[in-house]
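In what follows, every heavy atom counts, from backbone to side chain, and hydrogens, waters and symmetry copies are set aside.
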Amino acid sequence: MLEIGTTAPAFELPDQNNVMHTLEEYRGKKVILYFYPKDNTQGCTKQACGFGELYPQFTEKGAVVLGVSKDSVASHKKFEEKYNLPFILLSDPELTAIQAYDVWKEKTMYGKKTMGVVRTTYLIDENGVIEKAFGKVKAADNPTQMLETLG
């Protein structure tokens with residue numbers, strides 16, 4: 001996990017509509033950047049729907065929500081449409097941001113070691129600096145946790 005107080009790594013990734021996004025374009029706003037393992041899985045769906053339900057409150061506080069996984073643009077589009085998600089989902093199949101934000105880790109699933117995304121959420125301030133970092137977050141609790149963190 002990256003250190004609080006360090007500059008958040010720059011990225012340029014396509015969203016679910018294949019529109020490119022950079023961290024720089026969100027200067028002046030707080031950014032909730034959350035990394036999740038996979039579209040349409042139980043935990044990831046709970047987390048995304050939670051962010052979706054609270055989205056108006058995040059925007060009231062001047063924050064944007066960006067979800068990142070290694071799923072394809074097409075997968076993100078289906079996920080967005082199925083759950084009516086109001087925020088941006090970024091596709092990172094090359095793992096550029098996933099590795100830059102230090103969330104690609106060895107995991108053990110059913111006794112087998114594999115590499116994957118560890119569910120992690122960063123709060124990036126208006127100047128592009130990491131304000132808070134939460135590792136191994138609980139999917140269902142993370143959206144409320146982030147709203148409370150914004151104050």
Side-chain angles (χ1 to χ4, degrees), residues 1-4 6-105 115-135 137-151:
M1 204 161 43
L2 299 179
E3 294 288 315
I4 292 168
T6 59
T7 301
F11 59 77
E12 183 176 13
L13 297 171
D15 70 8
Q16 65 268 37
N17 298 308
N18 213 20
V19 174
M20 297 304 284
H21 292 267
T22 64
L23 183 58
E24 187 61 34
E25 73 190 68
Y26 297 103
R27 277 287 161 108
K29 292 185 172 200
K30 290 198 181 275
V31 176
I32 293 161
L33 185 65
Y34 84 94
F35 292 89
Y36 65 98
K38 190 160 179 50
D39 290 343
N40 288 303
T41 55
Q42 188 177 1
C44 298
T45 299
K46 278 184 185 163
Q47 187 177 23
C49 289
F51 276 119
E53 286 167 26
L54 298 173
Y55 190 70
Q57 292 165 56
F58 286 114
T59 56
E60 276 172 26
K61 294 178 184 281
V64 293
V65 175
L66 304 174
V68 183
S69 82
K70 66 184 189 73
D71 292 305
S72 68
V73 167
S75 174
H76 280 349
K77 188 66 184 168
K78 286 180 191 153
F79 191 43
E80 173 208 32
E81 288 174 348
K82 184 174 181 181
Y83 295 102
N84 201 22
L85 301 174
F87 56 90
I88 294 166
L89 298 172
L90 297 172
S91 177
D92 190 12
E94 305 295 317
L95 310 178
T96 50
I98 288 168
Q99 289 179 332
Y101 281 84
D102 196 29
V103 298
W104 187 249
K105 303 280 186 191
M115 292 299 288
V117 172
V118 174
R119 194 181 308 278
T120 306
T121 304
Y122 289 99
L123 176 61
I124 301 167
D125 74 11
E126 296 85 349
N127 300 310
V129 174
I130 296 171
E131 195 174 302
K132 299 266 190 220
F134 300 92
V137 297
K138 287 192 168 48
D141 300 338
N142 187 230
T144 305
Q145 174 189 35
M146 295 313 295
L147 194 59
E148 288 167 359
T149 300
L150 283 172

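Proximity of Ser72 to Pro93: side-chain heavy atoms (C-beta onward) are nowhere separated by under 4.5 Å. Side-chain contact check for Met146 versus Val137: every heavy-atom pair is 4.5 Å or farther apart. Side-chain contact between Asn142 and Phe51 is present, with at least one heavy-atom pair separated by less than 4.5 Å. Contact check for Tyr83 versus Asn40: side-chain heavy atoms found under the 4.5 Å cut-off. Looking at heavy atoms from C-beta onward, Phe87 lies out of side-chain contact with Phe58 at the 4.5 angstrom threshold. Here the side chains of Phe11 and Val68 are not in contact, with every heavy-atom distance at 4.5 Å or above.
For residues 50-65, no residue pair satisfies the side chain to side chain donor-acceptor pair (under 3.5 Å) rule, not counting sequence neighbours.
For the pair Tyr101 (side chain) and Pro9 (backbone), a donor-acceptor distance under 3.5 Å is present. Remark: side-chain polar atoms of Thr120 are paired, donor with acceptor, to backbone N or O of Val118 under 3.5 angstrom. Side-chain atoms of Asn17 never come within 3.5 Å of backbone atoms of Val19 as a donor-acceptor pair (strictly under, hydrogens ignored).
Looking at every heavy atom in both residues, Ala8 comes nearest to Ile124 through CB-CD1, 3.7 Å. What you find for Gly128 and Arg27 is that their closest heavy atoms are N-NE, 3.8 Å. Contact between Gly62 and Lys29 at its shortest, heavy atoms only, is O-CB, 3.6 Å. When all heavy atoms of Asp92 and Ala97 are compared, the closest pair comes out as OD2-N, 2.8 Å. Pairing each heavy atom of Gln47 with each of Pro143, the nearest pair is O-CG, 3.4 Å. Nearest approach of Pro86 to Gly52, heavy atoms of both residues: CD-CA, 3.6 Å.
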With side chain to side chain contact (heavy atoms under 4.5 Å, CB included) as the test, would you mind laying out the steps for Ile32 and Leu150 before giving the verdict?
CA-CA 10 Å; Ile32 293 161; Leu150 283 172; 4.0 Å; yes
Using the side chain to side chain contact (heavy atoms under 4.5 Å, CB included) rule, take Leu66 and Tyr34 through it: C-alpha gap first, then chi angles, then the decisive distance, then the call.
CA-CA 6 Å; Leu66 304 174; Tyr34 84 94; over 6 Å; no
For side chain to side chain contact (heavy atoms under 4.5 Å, CB included), just list the numbers for Tyr122 and Phe35, CA-CA rounded to whole Å, side-chain angles, deciding distance to a tenth of an Å, and then say yes or no.
CA-CA 9 Å; Tyr122 289 99; Phe35 292 89; 4.0 Å; yes
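Residues Glu126 and Lys30 are paired through a salt bridge, judged by an N-O separation under 4.0 Å between the basic side chain and the carboxylate.
By the neighbour-count criterion of 12 heavy atoms within 6.0 Å, atom NZ of Lys77 is densely surrounded, having more than that number from other residues, nucleotides or ligands. Counting heavy-atom neighbours within 6.0 Å of Glu81 CD, excluding the residue itself, gives a total above 12.
Interatomic distance, Leu54 CG to Cys49 SG, rounded to the nearest 0.5 Å: 11.0 Å. Atoms OG1 and CZ, on Thr45 and Phe79 in that order, are 4.0 Å from each other to the nearest 0.5 Å. A distance of 6.5 Å separates NZ of Lys38 from NZ of Lys70, quoted to the nearest 0.5 Å. Atom CD in Glu131 sits 5.5 Å away from atom CG in Asp125 (nearest 0.5 Å). Annotation: the span from Ser91 atom OG to Met20 atom CE amounts to 9.5 Å, rounded to 0.5 Å. Taking CD of Glu80 as the start and CG of Leu85 as the end, the distance is 6.5 Å to the nearest 0.5 Å.
The side chain to side chain contact (heavy atoms under 4.5 Å, CB included) test with Leu90 is passed by exactly one of Asp71, Leu13, Val73: Leu13.
Residues passing the side-chain hydrogen bond (donor to acceptor under 3.5 Å, both in side chains) test with Asp39, sequence neighbours excluded: Tyr36, Ser75, His76.
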